[in-house]
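What follows is a short report on a single structure.
Given the structure is predicted, the values throughout are model-derived calculations rather than measurements. Counting from 1, the numbers follow the sequence of the chain as shown.
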Amino acid sequence: NTASSALDYPARLIQQGQFTNAITELEQARAQRPNDPDVLEMLGRAYYGSGQLDKAGFYLRRAMRMQRTGGEHAREYNAMLLDMSQQAQN
């Protein structure tokens, strides 16, 4: 579908470690789809990768609340949030 294919490019940027470019792309997507949990999740991942943990946590928590899914997504979110919490304590 078009919505998910629009996220293919920022997903590749994240995989390549180009977090700043991914954030730019994803912020544009968020402006068009502010309540899309897939956009918010990827934005959280990009901010996480860039070391902006406060923003990462904000977007990951929003995505998690919107999706309300368990399984692998919830474990990944929780692992990132736990890592952010531990980094904040150091």
Side-chain angles (χ1 to χ4, degrees):
N1 81 31
T2 308
S4 63
S5 65
L7 298 178
D8 289 347
Y9 179 60
R12 276 196 310 276
L13 291 173
I14 291 170
Q15 289 174 340
Q16 295 168 357
Q18 298 180 36
F19 302 113
T20 302
N21 293 337
I23 290 167
T24 300
E25 293 288 325
L26 290 163
E27 285 291 2
Q28 291 172 4
R30 185 176 65 89
Q32 296 171 355
R33 303 181 345 233
N35 296 315
D36 184 330
D38 294 331
V39 172
L40 298 174
E41 174 192 350
M42 288 185 98
L43 196 51
R45 290 176 183 272
Y47 278 118
Y48 179 79
S50 75
Q52 298 179 63
L53 303 183
D54 54 337
K55 289 183 179 182
F58 174 78
Y59 288 115
L60 288 170
R61 283 189 292 274
R62 277 192 64 198
M64 195 162 53
R65 278 196 299 272
M66 294 173 121
Q67 289 181 336
R68 296 214 179 268
T69 59
E72 195 59 34
H73 278 295
R75 279 191 288 280
E76 288 177 32
Y77 293 160
N78 285 331
M80 281 188 268
L81 292 169
L82 179 61
D83 182 58
M84 285 183 262
S85 173
Q86 290 170 345
Q87 287 186 38
Q89 292 175 9
N90 292 335

Within one Ile-Leu-Val-Met-Phe-Trp-Tyr cluster: Tyr48 and Leu13, side-chain cutoff 4.5 Å: no
Separation of Tyr59 OH from Glu27 CD (nearest 0.5 Å): 4.5 Å
With sequence neighbours excluded, residues passing side-chain hydrogen bond (donor to acceptor under 3.5 Å, both in side chains) with Gln32: none
Nearest-0.5 Å distance, CE of residue Met42 to CZ of residue Arg30: 15.0 Å
Closest approach of Pro10 to Ala6 (non-hydrogen atoms, all atoms of both residues): CD-O, 3.5 Å
Shortest non-hydrogen contact from Val39 toward Arg33: CG2-NH2, 3.3 Å
ring-ring contact (aromatic ring centres under 6.0 Å, His included) contacts touching residues 20-41 (sequence neighbours left out): none
Salt bridge (charged side-chain N to carboxylate O under 4.0 Å, His left out) contacts touching residues 10-19 (sequence neighbours left out): none
Nearest-0.5 Å distance that lies between atom CD in Glu41 and atom CG in Asp36: 10.0 Å
Rounded distance (nearest 0.5 Å) linking atom CG of Leu40 with atom CG of Leu26: 9.5 Å
Qualifying residues under salt bridge (Lys or Arg N to Asp or Glu O under 4.0 Å), relative to Arg62, sequence neighbours excluded: none
Pairwise distance CD1(Ile14) to OH(Tyr47) - rounded to 0.5 angstrom: 11.0 Å
Mind listing the side-chain donor-acceptor pairs of residues 17-25 below 3.5 Å, one per line with the distance, residues two or more places apart or on another chain?
| unit_1 | atom_1 | unit_2 | atom_2 | d |
| --- | --- | --- | --- | --- |
| Gln18 | OE1 | Asn21 | ND2 | 3.2 |
| Gln18 | NE2 | Gln16 | OE1 | 2.9 |
| Thr24 | OG1 | Thr20 | O | 3.1 |

side-chain hydrogen bond (donor to acceptor under 3.5 Å, both in side chains) partners for Gln28, two or more places apart: none
